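The chains referred to below are lettered A, B, ... by the order of the sequence lines, with proteins before strands, and numbering in each begins at 1. Every value quoted in this text rests on a predicted model; they were computed, and no experiment measured them.
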Amino acid sequence: MADVLPTAFYDRDPARVARELLGAVLAVTARGRTLHARIVETEAYLGPHDPACHAVVGRTARTWHLHGPPATCYVYRIYGLHWCMNAVTLPEGIGSAVLLRAVEPLDALPALRRRRPRARRDLDLTNGPAKLCEAYAITGDHDGSSLVDGPVRILHGDAIADARVRRTPRIGITRAADWPLRFLVADSPWVSRTPTRFPVLPLDP
DNA sequence: CATTTGATGTTCT
DNA sequence: GAACATCAAATGC
């Protein structure tokens, strides 16, 4: 597809990629059908020198594809229960990525609801990193696949103006807990909750 | 509304 | 043996 974000898009500072992925479109293909969703919340993990990044332990079996080339899909299991999906950034061997934290479904709501029967509202289908993976059936099977021509791709979408973007610290981490590397679309109802204690910053301070 | 807790298993120390 | 890029239900106010 001509709209796919090219590898060069990912081969840059992960915080910049995280910002610019807002508004891009996740496209997940399975059994001949493709589902679409707009990305509204992301987090950047900067690499081996970021204490919260999985790359701190080096290139192990788990982090193998995190260290892959830009535009690689890195999927890992968390808390033994859930999956989280990342877009790998920077060149092979660096180990940096952007976590997809929330998306706005653009079609196929009934299919998403079937996979997430316990979601109370539609807004709860995809407003968290593990929720969106469950809704779109993204699992360890996708770990290492290409975001350019694999089963999970990211397409060029609407640009989100700087004025609509906010930054906060990253959620659920203990190390480098104050680094403002979470990016979200301020006026989207599809983002996850921001902890009350978190500062919410404009994009350009 | 906000905060706490139990579920669950892989990874790393 | 502890930590963990989470979720949903239960509890507190």
Quiz item: Are OP1 or OP2 of dC4(C) and a side-chain N or O of Thr174(A) less than 4.0 angstrom apart?
Solution: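 Affirmative; the distance criterion is met.
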Exercise. Ignoring backbone atoms, test whether Arg118(A) places a side-chain nitrogen or oxygen under 4.0 Å from the OP1 or OP2 oxygen of dA9(C).
Key: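 Result: no.
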Hey, does [X] reach any base, or is it just sugar-phosphate, or nothing, if we go heavy atoms under 4.0 Å?
| X | answer |
| --- | --- |
| Ala52(A) | base |
| Arg182(A) | nothing |
| Arg101(A) | sugar-phosphate |
| Asn86(A) | base |
| Ile78(A) | sugar-phosphate |

Spacing of [X] atom [atom1] relative to [N] atom [atom2], expressed in whole Å:
| X | N | atom1 | atom2 | answer |
| --- | --- | --- | --- | --- |
| Arg62(A) | dC4(C) | CZ | P | 11 Å |
| Asn127(A) | dA8(C) | CG | P | 8 Å |
| His54(A) | dA3(C) | NE2 | P | 16 Å |
| Lys131(A) | dA5(C) | NZ | C1' | 15 Å |
| Arg115(A) | dC7(C) | CZ | P | 17 Å |
| Ile171(A) | dA5(C) | CD1 | C1' | 10 Å |
| Asp124(A) | dA9(C) | CG | P | 10 Å |
| Arg193(A) | dC7(C) | CZ | P | 13 Å |

Quiz item: So, are Arg116(A) and Asp124(A) salt-bridged, with charged N and O less than 4.0 Å apart?
Solution: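 Asp124(A) and Arg116(A): not salt-bridged.
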Quiz item: How is the hydrophobic cluster of Val200(A) composed, in terms of its other members, when Ile, Leu, Val, Met, Phe, Trp and Tyr link through side-chain heavy atoms under 4.5 Å apart, directly or indirectly?
Solution: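 Direct or chained contacts put Val200(A) with none.
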Quiz item: Of all the nucleotides listed (dC4(C), dA5(C), dC7(C)), which has the minimum atom distance to the side chain of Tyr79(A)?
Solution: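 The answer is dC4(C).
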Please confirm whether [X] makes a cation-pi placement over [Y], using NZ or CZ under 6.0 Å from the six-membered ring centre and within 45° of the ring normal.
| X | Y | result |
| --- | --- | --- |
| Arg170(A) | Tyr45(A) | yes |
| Arg59(A) | Trp64(A) | yes |
| Arg12(A) | Tyr10(A) | no |

Quiz prompt | Residue that, paired with Glu41(A), satisfies salt bridge (Lys or Arg N to Asp or Glu O under 4.0 Å) out of Arg167(A), Arg166(A), Arg101(A), Lys131(A) | solution =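 So the option named by the test is Arg101(A).
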Exercise. Considering only heavy atoms of chain A and a distance under 4.0 Å, specify the first and last nucleotide of DNA chain B in 5' to 3' order that meet this criterion.
Key: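 First and last nucleotides in contact are dA2(B) to dC12(B).
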Exercise. For the residue pair Glu104(A) and Ser188(A), confirm or rule out a side-chain donor-acceptor distance under 3.5 Å.
Key: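 Checked: Glu104(A)/Ser188(A) side chains show no N/O donor-acceptor pair below 3.5 Å.
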Practice problem: Determine whether the side chains of Thr168(A) and Thr194(A) contain a donor N or O and an acceptor N or O closer than 3.5 Å. | Solution: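 Judged by distance alone, the side chains do not pair up.
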Quiz item: Has Arg115(A) got more than 12 heavy atoms of other residues, nucleotides or ligands less than 6.0 Å from its CZ?
Solution: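 Yes - once you tally the heavy atoms of other residues, nucleotides and ligands closer than 6.0 Å, there are more than 12.
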Quiz item: Heavy atoms, side chains only, cut-off 4.5 Å: are Phe183(A) and Leu21(A) in contact?
Solution: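 Not in contact.
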Quiz item: Which dot-bracket string fits DNA chain C when only Watson-Crick or G-U wobble pairs with both atom distances under 3.5 Å count, crossing pairs get [ ], and | stands for a partner on a different strand?
Solution: ||||.|||||||.
